[in-house]
Amino acid sequence: MNRCLLIPFVLLLLFACSKEDELVCLPDEAAGAKYQIMVVFAPGQLGDRGYADNVFNGVSYLIHYNATATTSTSVDADLISRYDYASTRKALESWVANPVNPVNEQEYERRLLVLTEPFMLNWLSTCKDFLRPTDEVLVLKLIEEDVDAANDSLELGNRLHAVNISMAEPIRMYCETIRWYIRLYNSEGEGHESDYHVNETSFPVFRLYSEDLIPSRDSVYETMVEELGEDINIVKTNFYSKGAEGYPQSLYGLSTLEQKMSFTLQSFMQMLRNGMFFPICGLGAMNAGIDYFIMDNSHDMLRPLLLDASPSIVNRSYILRPFDRVLADWVWRWLHSEPCVMPAAEVHGHWDGFPCITDMWFSSDDDDGGDDGGDDGGDDGGDDDDDEWH
């Protein structure tokens, strides 16, 4: 049975009264909101303890912003999160064509559509003509080049925006852990000498969505090549299926989380047999399958990195991009700007106050100073000067 999660809730943007010390006044909810935000999640995204949950939190953060900086207008925020892609697309098309506020039966003055996955842009091709001049679209995880390409067909102009967060800095840290472990392997054991090189292994990257349609824009590949050399072998794996119209095959054709995880674990076992000890996994909720594998299988050389994931009790590294704060900041500026004046694209990172949360895991037996990379991605990974992060 298809499950629909369409949760309307009102984010009351508080505003100050005439005196600074007086109680904060609330807008008249019965009058109806003038603005609406719709966030569209892919099936199975919510509950991933990572990217999607962060996006959800970002919308919720708006209620906590400084009351003196707001207006007297409330905002209606709705979510679409359904079990399958067909009903998700249908719900999106229905929302685009219906700009009426059910409270006062008048049209919203402005609406913002937030797409959590870039492939959802294809869905707008059948309903773009229903978007009004004051309706805007924000796509997460894209860059300006992608906005320009999408506008060639959608022709939304300055109503289409993108926001992204770079993983370059924590990926550099991960590459340093790779070099560190290879140095350790080459020197461990009395009388043992080895010249094992980074080019003698492969680096599998597991992703949920195909990169043939829209490339990943998280700086993973570029940074790895920059740090480890152009000759490294990056093996890309995803759950793309042409029969599923570009959607993840595991989510489209299988019905249980156990089956999805089983596929992931089988891929992991094959990877280990092929000597790939540094996997990078960006599988959303399916990242849990990696944690299960690590708990049930010990392997001396396995050092996985999970993208857009949260901390875990198991020994693995992770990177979590702060899309909650970035989205809340973007929407807040959108609420206080004129229609269609927000930038076409923004890329954030540690340089502008939005660093990734990251932890580069070391085994307690690796050395006497190994530790994590710190919450801000900038702490030292060890006490020895030779192993310092750069």
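We're numbering straight along the sequence, starting at 1.
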Salt bridge check, [Y] against [X]: does any charged N sit closer than 4.0 Å to a carboxylate O?
X      : Y      : value
Asp329 : Arg325 : no
Arg183 : Glu176 : yes
Asp135 : Arg159 : no

With side chains defined as the heavy atoms from C-beta onward, is the minimum distance between [X] and [Y] less than 4.5 Å?
X      : Y      : value
Ile357 : Tyr318 : yes
Gln45  : Val55  : no
Arg207 : Asp218 : yes
Ile280 : Ile234 : no
Leu327 : Val59  : yes
Phe278 : Tyr181 : yes
Asp48  : Asn287 : no

Quiz item: Can a cation-pi geometry be assigned to Arg303 and Trp180, taking NZ or CZ under 6.0 Å from the six-membered ring centre and within 45° of the ring axis?
Solution: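 Output no; distance or angle outside limits.
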Quiz prompt | Charged tip of Lys141 within 45° of Tyr51 ring normal and under 6.0 Å | solution = yes
Practice problem: Look at atom CZ of Phe130 and say whether more than 12 heavy atoms of other residues, nucleotides or ligands are closer to it than 6.0 Å. | Solution: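 Check fails, neighbour count at 12 or below.
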Check whether [X] reaches the backbone of [Y] with its side chain - one donor and one acceptor, N or O, closer than 3.5 Å.
X      : Y      : value
Thr177 : Tyr174 : yes
Ser153 : Ala150 : yes
Arg111 : Val96  : yes
Glu227 : Arg172 : no
Arg321 : Ile165 : yes
Asp291 : Val314 : no
Ser219 : Met167 : no
Asn151 : Asp148 : no
Asp324 : Tyr61  : no
Thr134 : Glu109 : yes

Quiz item: Can you find a side-chain donor-acceptor pair between Asp78 and Gln36 that sits under 3.5 Å?
Solution: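 Yes, because at least one side-chain N or O of Asp78 sits under 3.5 Å from a partner of the opposite role on Gln36.
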Exercise. Establish, yes or no, whether a centroid distance under 6.0 Å links the rings of Trp330 and His161.
Key: yes
